[in-house]
Amino acid sequence: MSPPVISPNRRQAVQMALGGIAISALPGVTWAAGDVFRATLDRFAGSILRLSPEVATNLGLDNGKYAALKSSLSDLSDKGSSAWAHQVRVMQKTLGAINRAQLAPADQVRYDAVKFSVDRSIEGLSFSYGGGALAGISGGAQPYVISQQNGAVTSVPEFLDSQHQIRTRADADAYLARVSEFARQLDQESTRIRADAVNGVSPPDFIAATTLRMLTGFRALPASQQRLVSSLVLKTTKAGITGSLAERCTSLIEKEVYPALDRQISAFRAATASTPPGAGVQRLPDGDRFYQWALRMGTTTNLDAQEIHRLGIEQNDLIKARMDGLLKSQGMTQGSVGERVQALNKDPRFLFPDTDAGRAELISYLNQCIARIRPKLAEISHLGMKAEVEVKRVP
């Protein structure tokens with residue numbers, strides 16, 4: 001049975017640079033003022049939201065002055081990449097003009113966090129693949145345009161289902177606009193897939209095979225049965241919105257999304273027809289340096305791969321030793337730790353039925369676990385988590 005997951009992932013360059021241009025005119029000494037620094041961060045945030053409409057929706061900010069963002073998705077074209085590159089350069093220049101020492105301690109932490117992401121984004125611009133400027137801001141490098149873990153097919157339907165709120169007909173129209181935008185993103189990804197392949201960047205065969213099955217599986221489903229349609233029906237029904245919205249959504253999938261997906265499947269097949277079997281980005285152009293960049297971005301340290309691996313082995317040994325003691329206390333003494341854990345995974349006492357009812361029971365159990373844990377969080381953290389956490393079923 002599919003595991004449940006916890007659900008909480010371009011405009012003109014002049015618009016993105018407005019914050020940096022306006023603030024750079026101020027005398028250098030005024031950078032020390034916390035309110036001015038935070039106003040700078042607000043400007044950064046506004047520019048990033050315009051580049052990432054999905055983030056605006058995720059944060060509940062796709063309204064008011066950002067209302068237009070609710071009808072759009074990110075620009076994945078070369079133009080969009082250039083806009084991101086411009087944005088991070090503006091941010092780096094702006095941060096460079098700030099006297100960090102004059103900021104309050106809390107603002108120094110904010111400064112360091114933003115500067116780290118911006119600096120990693122600037123470094124990412126030296127690679128022709130991997131997300132470039134966006135990778136540092138989003139906090140992760142993806143060497144391939146699409147895989148079984150990333151790409152429009154994996155993200156957009158889930159995003160529209162779990163994040164796009166529909167309370168009015170305008171919200172429903174915005175949803176339909178994003179379905180059309182989905183088709184645009186697919187074509188933009190296809191362009192990047194072809195360009196990367198020319199430069200020797202394509203996923204290894206096992207990732208390519210899994211990704212292709214995912215794409216063709218999505219394409220094989222009749223448009224009317226897509227979650228894009230069923231989610232819209234559920235949300236509009238709950239909001240009391242009537243009309244031919246389901247038919248419009250189905251038509252968009254058939255006339256725009258599926259043709260774009262056919263083009264992507266064709267481009268991906270061609271790009272991965274002779275892809276090598278070996279895993280690891282070391283086989284990609286400047287792959288070792290790319291890996292080190294991604295490693296620093298993911299760990300915030302300067303440790304190299306060997307050091308990280310050594311730490312992982314040490315941690316693994318400590319965890320296995322603790323697991324060994326726990327398993328022995330339950331009378332499980334035979335076999336390696338891994339073998340005993342596998343035995344637990346097959347023990348009927350700990351399995352839920354592989355049925356819809358079993359999935360519902362599992363999700364209910366996990367949400368109950370979260371409810372029990374939440375009151376105890378104050379004992380281990382002073383962050384005061386406010387956001388709700390919910391386990392929900394996805395395909």
* In a check of side-chain hydrogen bond (donor to acceptor under 3.5 Å, both in side chains) between Y258 and each of Q226, R219, R263, which one passes? -> Q226

* Asked: Is there a side chain to side chain contact (heavy atoms under 4.5 Å, CB included) between K93 and R89 once you walk through the steps?
  -> CA-CA 6 Å; K93 182 177 180 180; R89 290 187 178 111; over 6 Å; no

* Could you tell me whether R184 and E256 make a salt bridge, using a distance below 4.0 angstrom between a side-chain N and a carboxylate O? => no

* Just wondering, do T154 and Q148 contact through their side chains at under 4.5 Å, heavy atoms? -> no

* Does a donor on one side chain sit under 3.5 Å from an acceptor on the other, for D75 and Q188? -> yes

* Between the main-chain N or O of A197 and the side-chain N or O of S202, is there a donor-acceptor pair closer than 3.5 Å? -> no

* Asked: Are L284 and F127 close enough that some pair of their side-chain heavy atoms sits under 4.5 Å apart?
  -> no

Mind listing the side-chain donor-acceptor pairs of residues 244-254 below 3.5 Å, one per line with the distance, residues two or more places apart or on another chain?
| unit_1 | atom_1 | unit_2 | atom_2 | d |
| --- | --- | --- | --- | --- |
| T250 | OG1 | A246 | O | 2.9 |

* Asked: With the 4.5 Å side-chain cut-off for hydrophobic clustering, are F290 and I146 part of the same group?
  -> no

* Asked: Any idea how Y111 and F37 line up, ring-wise: parallel (<30°), tilted (30 to 60°), or perpendicular (>60°)?
  -> tilted

* Structure fact -> Output for pair (I313 CD1, L318 CG), nearest 0.5 Å, gives 11.5 Å

* **Between R192 and S81, a side-chain donor and acceptor under 3.5 Å** => no

* Asked: Just wondering, more than 12 heavy atoms not from Q334 lying within 6.0 Å of its CD?
  -> no

* To do: Just do the side chain to side chain contact (heavy atoms under 4.5 Å, CB included) check on S231 and Y175 with the steps written out, would you?
  => CA-CA 10 Å; S231 179; Y175 182 105; 3.7 Å; yes

* Side-chain donor or acceptor of S180 paired with backbone N/O of L176 under 3.5 Å -> no

* Determine yes or no for a side-chain-to-main-chain donor-acceptor pair under 3.5 angstrom, with S117 supplying the side chain and I137 the backbone. => no

* Dump the intermediate steps for side chain to side chain contact (heavy atoms under 4.5 Å, CB included) on F218 and R227, then the final yes or no. => CA-CA 10 Å; F218 186 93; R227 184 162 53 131; over 6 Å; no

* Asked: Parallel, tilted or perpendicular: which describes the rings of Y365 and F352, with under 30° parallel and over 60° perpendicular?
  -> tilted

* Could you check if a side-chain atom of V341 sits within less than 4.5 angstrom of a side-chain atom of N345, using non-hydrogen atoms only? => yes

Scan the side chains in residues 321-329 for donor-acceptor partners under 3.5 Å anywhere in the protein, sequence neighbours excluded, and list what turns up.
| unit_1 | atom_1 | unit_2 | atom_2 | d |
| --- | --- | --- | --- | --- |
| D324 | OD1 | R340 | NH1 | 3.0 |
| D324 | OD1 | R340 | NH2 | 2.6 |
| D324 | OD2 | K328 | NZ | 3.1 |
| S329 | OG | L326 | O | 2.5 |

* Give the minimum heavy-atom separation between A135 and W293, together with the two atoms involved. => CB-CH2, 3.6 Å

* Any salt bridge between E181 and R178, counting N to O under 4.0 Å? -> no

* Structure fact -> Heavy-atom closest pair (D205 atom, P277 atom, distance to 0.1 Å) is OD1-CA, 3.1 Å

* Can you measure from OG (S155) to CD (E54) and round to the nearest 0.5 angstrom? => 7.5 Å

* Asked: Going hydrophobic residue to hydrophobic residue with side-chain gaps under 4.5 angstrom, can you get from I193 over to Y144?
  -> no

* To do: Specify the closest pair of heavy atoms between A279 and P204, including all atoms of both residues, with the distance to one decimal.
  => CA-CG, 4.3 Å

* Can you establish whether the number of heavy atoms outside R289 located under 6.0 Å from its atom CZ is more than 12? => yes

* Asked: Does any N or O in the side chain of Q225 come within less than 3.5 Å of the main-chain N or O of P222, such that one atom is a donor and the other an acceptor?
  -> no

* Asked: Just by distance, with hydrogens left out, do S147 and Q142 show a side-chain donor and acceptor under 3.5 Å apart?
  -> no

* Does S381 use its side chain to pair, donor to acceptor, with the backbone of L377 at less than 3.5 Å? -> no

* Asked: Quick one: are L186 and V257 in side-chain contact, heavy atoms under 4.5 Å?
  -> yes

* Asked: Could you go step by step and tell me if V389 and R374 meet the side chain to side chain contact (heavy atoms under 4.5 Å, CB included) rule?
  -> CA-CA 9 Å; V389 178; R374 196 173 184 105; 4.3 Å; yes

* Asked: Salt bridge check: are K115 and D119 linked by an N-O gap of less than 4.0 Å?
  -> yes

* Path from L212 to V201 over hydrophobic side-chain contacts below 4.5 Å -> no

* Asked: Are the side chain of D171 and the backbone N or O of R167 linked by a donor-acceptor pair below 3.5 Å?
  -> yes

* Looking only at heavy atoms, what is the nearest atom pair of Q264 and E189, with distance? -> NE2-OE1, 3.0 Å

* Heavy-atom check, side chain of V118 versus side chain of F44, under 4.5 Å -> no

* Are the side chains of Y66 and R50 in touch, meaning some heavy atoms are under 4.5 Å apart? -> yes

* **From R43 atom CZ to T40 atom OG1, the distance as rounded to the nearest 0.5 Å** => 6.0 Å

* In Å, rounded to the nearest 0.5 Å, how long is the span from CZ of F206 to OG1 of T275? -> 9.5 Å

* List the atom of A371, the atom of P375, and the distance in Å for their closest heavy-atom pair. => O-CD, 3.0 Å

* Asked: Does atom CG of D78 have more than 12 heavy-atom neighbours, drawn from other residues, nucleotides or ligands, at distances under 6.0 Å?
  -> no

* Asked: Hey, does the side chain of Y291 reach the backbone of G280 with a donor-acceptor pair shorter than 3.5 angstrom?
  -> no

* Structure fact -> Of all heavy-atom pairs linking L295 and L303, the shortest is CD2-O, 3.6 Å

* Asked: Looking at side-chain heavy atoms only, is the closest gap between D354 and R359 below 4.5 Å?
  -> yes

* So R310 and E307, salt bridge (charged side-chain N to carboxylate O under 4.0 Å, His left out) or not? Walk me through it. -> CA-CA 5 Å; R310 179 182 56 78; E307 292 173 302; 5.4 Å; no

* Is M297 reachable from V114 through a run of I, L, V, M, F, W or Y residues, each pair having side-chain heavy atoms under 4.5 Å apart? -> no

* **Gap separating the CG atom of N316 from the NE2 atom of H309, nearest 0.5 angstrom** => 9.5 Å

* Can you measure from CG (D187) to CZ (F182) and round to the nearest 0.5 angstrom? => 11.0 Å

* Distance-only, no hydrogens or angles: does the K235 side chain make a donor-acceptor pair with backbone N or O of H164 under 3.5 Å? -> yes

* More than 12 heavy atoms of other groups within 6.0 Å of Q149 CD -> no

* To do: Without swapping roles, check the side chain of T237 against the backbone of L234 for a donor-acceptor pair under 3.5 Å.
  => no

* Any side-chain heavy atom of T272 within less than 4.5 Å of one from T211? -> no

* To do: Spell out, as yes or no, whether a donor-acceptor pair under 3.5 Å connects the side chain of S52 to the backbone of L49.
  => no

* Asked: Linking I/L/V/M/F/W/Y whenever their side-chain heavy atoms sit closer than 4.5 Å, directly or via other members, would L215 and V156 fall into one cluster?
  -> yes

